[in-house]
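If you're wondering where the values come from, they're calculated on a predicted model, not measured in any experiment. Lettering follows sequence order; numbering is per chain, from 1. The analysis underlying the following values was restricted to heavy atoms, covering all of them including side chains, and did not include hydrogens, waters or symmetry mates.
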There are 2 protein chains.
Amino acid sequence: MNVQTFSALAEPNRLAIVDLLLDEPLPVGEIAGKLNLNQPQTSKHLRVLSEAGLVEVQPLANRRIYKLRPEPLQEMDKWLDSHRRMWESRMDRLEGYLNSLKEKKH
Amino acid sequence: MNVQTFSALAEPNRLAIVDLLLDEPLPVGEIAGKLNLNQPQTSKHLRVLSEAGLVEVQPLANRRIYKLRPEPLQEMDKWLDSHRRMWESRMDRLEGYLNSLKEKKH
DNA sequence: AAGGAATATTCCCGTCAAGGAATGTTCGGG
DNA sequence: CCCGAACATTCCTTGACGGGAATATTCCTT
């Protein structure tokens, strides 16, 4: 699992940008407008997200359209899989235990 | 989605600790030994993980046993859900497109 | 009570990161 | 060709962060 993805998302503004781009690709100005960020600030955050591979840029005249790339989040999903199995296993065991408690009450 | 979870995991040593604890709870010394970390270094990272809610401590004599807490990762899983739906939707559309290509070849 | 083991905390230092202001670059329209 | 719009980059400042060394704290054994 790549730490760079976590680093990129460990900043509130960048997390908000990623959430925003979930709906549709957007140009920098619209991202800045919707999140009340300065344009240079937005630009710099987008650069970090791009370097982490979370977004890709599509030039359109003087605009730059940013869209999400799923690969790093898919990798995070895969990493989460092993944890998911762990906590689901514990939930199964808890369930089994509670069921056995119920049976003992009959 | 809580940025603090991402921040906690955005450090290679802490990510390694979380991976290690996936198998079983461990005391500080063993974590330090397995990851080749100094004890104070390990202690400090565990503190950050604890403050993020990713681990909990169980004192056992002069030892402190650290174990994972699933809640923050479950929250991350939930956050990832909306992204999962987005990239699966795109995969569906790609699949449909490829299928329609295949049909045209008959 | 003293000592050892295990661990947490503090202080200091060097590096990194975010924001603001200013400036540079690119594209399209007139 | 010039200008405006959209955006990227640079420089500076400030605060955060990780590691190392030293020290403090807690528990158990003798």
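Pairs of residues two or more places apart, or lying in two chains, never qualify as ring-ring contact (aromatic ring centres under 6.0 Å, His included) while including a residue from residues 29-76 of chain B.
No side-chain donor-acceptor contact under 3.5 Å links A:Arg64 to the backbone of A:Val57.
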Side-chain donor-acceptor pairs under 3.5 Å in residues 25-42 of chain A, sequence neighbours left out?
from    : atom 1 : to      : atom 2 : distance (Å)
A:Gln41 : OE1    : A:Asn38 : N      : 3.2
A:Thr42 : OG1    : A:Asn38 : O      : 2.8

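Taking a pair to require two hydrogen-bonding distances under 3.5 Å in either a Watson-Crick or a G-U wobble arrangement, D:dT30 pairs with C:dA1.
In this structure, A:Glu56 has no salt bridge (Lys or Arg N to Asp or Glu O under 4.0 Å) partners at least two apart in sequence or on a different chain. Every ring pair (Phe, Tyr, Trp, His ring centres under 6.0 Å) that B:Phe6 has, sequence neighbours left out, goes to B:Trp79. With sequence neighbours excluded, the residues satisfying side chain to side chain contact (heavy atoms under 4.5 Å, CB included) with B:Thr5 are B:Met1, B:Asn2, B:Leu9, B:Leu54, B:Pro72, B:Met76. For A:Arg84, the side-chain hydrogen bond (donor to acceptor under 3.5 Å, both in side chains) partners at least two apart in sequence or on another chain are A:Asp77, A:Asp81, B:Asp77.
To the nearest angstrom, C1' of C:dT9 lies 14 Å from CG of B:Leu46. Here the C1' atom of nucleotide D:dG18 and the CD1 atom of B:Ile17 are 12 Å apart, to the nearest Å. In this entry the distance linking CD of A:Glu30 with C1' of D:dC7 reads 14 Å, nearest Å.
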Protein-nucleotides 17-21 of chain C N/O pairs under 3.5 Å:
from   : atom 1 : to      : atom 2 : distance (Å)
C:dA18 : OP1    : A:Arg14 : NH1    : 3.0
C:dA18 : OP1    : A:Arg14 : NH2    : 2.7
C:dG19 : OP1    : A:Asn13 : ND2    : 2.7
C:dG19 : OP1    : A:Gln41 : NE2    : 3.1
C:dG19 : OP2    : A:His45 : NE2    : 2.5
C:dG19 : O5'    : A:Gln41 : NE2    : 3.4
C:dG19 : N7     : A:Lys44 : NZ     : 3.4
C:dG20 : OP2    : A:Asn38 : ND2    : 2.9
C:dG20 : OP2    : A:Gln41 : OE1    : 3.4
C:dG20 : N7     : A:Lys44 : NZ     : 3.3
C:dG20 : O6     : A:Lys44 : NZ     : 2.6

Using atom names, set out every protein N or O paired with an N or O of nucleotides 1-6 of chain D below 3.5 Å, distance rounded to 0.1 Å.
from  : atom 1 : to      : atom 2 : distance (Å)
D:dA5 : N3     : A:Asn62 : ND2    : 3.3
D:dA6 : O4'    : A:Asn62 : ND2    : 3.3

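Mapped onto DNA chain C by nearest heavy atom, B:Ile65 and A:Leu60 fall at different nucleotides, with B:Ile65 at the one closer to the 5' end.
Other residues sharing a hydrophobic cluster with A:Val48 under the 4.5 Å side-chain heavy-atom criterion for ILVMFWY residues do not exist; the residue is a singleton.
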